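All remarks here apply to the structure that follows.
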Amino acid sequence: MMHNPLPRSFYKQDLHKLARSLLGCLFVRVFEDGSRLSARIVEVEAYAQKDDPSSHSFNGKTPRNEVMFGAPGHLYVYFTYGMHFCCNVVAGKIGTGDALLIRALEPVEGIENMLVHRYGAITFDQKKISNLTNGPAKLCQAYKIDRSENGIDLCGNKIWIETGDELKQNKISCSTRIGINQGKELPWRYFIKENNWVSKPGKGIKYVD
DNA sequence: CGTGAGATTTCCT
DNA sequence: GGAAATCTCACGT
């Protein structure tokens, strides 16, 4: 099976550069039975330990957020609203507390299994298919990511990120982040322009390139 | 299509 | 005790 994870050094770059670099990359998961899921990353949000009160890491290390303060290139999974999981890519140097929330994916491989994970069965309902991975908790459900994936090393062989070929021609936009009450004005949500899998329009949209 | 309420549990104050 | 980096469904247009 193909397994070309981006190296640890990739995750050490500047938070906002990394956010843009991740767009178009493939988010891959392989299960114990060999079945494989992959999807292009089309939307991410940056959360910084410093000067960003909306970041889980802003007030320092706690049991919940300790993965954020660990080595870059690991998966930080958190539980919220009493029922949902969301996942982040830990960024920057060890101990920094910065991360990128993966907010939306464009399915590539294993769509049937994603449907089963999310809806309990394969469906041809177009509405359900278009809601498969266009939100941070939706994509975690499609990928069967929960508490037990917290802290997984993205340089390992269970869940990883690979360079996507089609990356070059994509235009990138940014906007304010979704669903937060502090740091509302920061344009730290990055997404692929005009991609159908992006979760929401967002506010203050600007072109990055 | 847009809006709004409810679900449900963990974490931190 | 209150808010939470969300989602779904019901209801009105």
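Predicted model only: the values in this text are computed from it and were never measured. Below, chains carry the letters A, B, ... as their sequence lines are ordered, and counting in each starts from 1.
- Distances were taken from every side-chain heavy atom of L101(A) (C-beta onward) to each of dA5(C), dA4(C), dT8(C); the shortest belongs to dA5(C).
- As rounded to whole Å, 15 Å separates atom C1' of dC1(B) from atom NZ of K200(A).
- The pair R36(A)-E109(A) counts as a salt bridge, with a side-chain nitrogen and a carboxylate oxygen less than 4.0 angstrom apart.
- Cation-pi geometry between R177(A) and Y47(A) is satisfied (NZ or CZ under 6.0 Å from the ring centre, within 45° of the ring normal).
- Atom NE2 in H84(A) sits about 12 Å away from atom C1' in dA5(C), given to the nearest Å.
- The pair R8(A)-D153(A) meets the salt-bridge criterion, since a charged nitrogen lies less than 4.0 angstrom from a carboxylate oxygen.
- Between H56(A) and Y78(A), the ring centre distance stays below 6.0 Å.
- Nearest to the side-chain atoms of K138(A) among the listed nucleotides dT8(B), dT6(C), dC7(C) stands dC7(C).
- Between M83(A) atom CE and dA7(B) atom P there is a gap of 9 Å when expressed in whole angstrom units.
- In terms of position on DNA chain B, the residue among G82(A) and K61(A) whose nearest nucleotide sits closer to the 5' end is G82(A).
- Across every strand in view, dC9(C) sits in a pair with dG4(B) that passes the Watson-Crick or G-U test at under 3.5 angstrom.
- If you check dA4(C), dC12(B), dA5(C) against the side chain of Y78(A), the one that comes closest is dA5(C).
- When the nucleotides dT10(B), dC11(B), dT6(C) are ranked by their closest atom to the side chain of C86(A), dT6(C) comes out on top.
- A close approach under 4.0 Å does not occur between any side-chain nitrogen or oxygen of R64(A) and OP1 or OP2 of dA4(C).
- With respect to the salt-bridge test (charged N to carboxylate O, under 4.0 angstrom), the residues R20(A) and D14(A) do not qualify.
- The P atoms of dA5(C) and dT3(B) are separated by 23 Å, rounded to the nearest whole Å.
- Rounded to an integer number of Å, the gap from F79(A) CZ to dT9(B) P is 7 Å.
- Partner Y143(A) forms a ring-ring contact (aromatic ring centres under 6.0 Å, His included) with one of F85(A), F31(A), F27(A) and no other, that one being F27(A).
- When the C1' atom of dT8(C) is taken as reference, atom CG of D125(A) falls 13 Å away, rounded to whole Å.
- When the nucleotides dC12(B), dA5(C), dT8(C) are ranked by their closest atom to the side chain of Y76(A), dA5(C) comes out on top.
- With dA5(C), dT8(C), dA7(B) as the choices, the nucleotide that has an atom nearest any side-chain atom of N88(A) turns out to be dA5(C).
- Here the side chain of S55(A) is nearest to one of dC7(C), dC12(B), dA5(C), namely dA5(C).
- For T62(A), counting side-chain heavy atoms from C-beta on, the closest listed nucleotide (dT6(C), dC12(B), dT10(B)) is dC12(B).
- If you measure from atom CG of N59(A) to atom P of dA5(C), you get 12 Å, rounded to the nearest angstrom.
- Going from atom CG of N65(A) over to atom P of dC12(B) covers 7 Å, rounded to whole Å.
- For the pair L132(A) CG and dT8(C) P, the interatomic distance rounds to 10 Å; values are reported in whole Å.
- One finds no side-chain N or O of N131(A) lying less than 4.0 angstrom from the OP1 or OP2 phosphate oxygen of dC7(C).
- Among the protein residues, R118(A) comes within range of the sugar-phosphate backbone only, with heavy atoms under 4.0 Å from sugar or phosphate atoms but none that close to a base.
- Pairing partner, dG2(C): dC11(B), with both Watson-Crick or wobble hydrogen-bond distances short of 3.5 Å.
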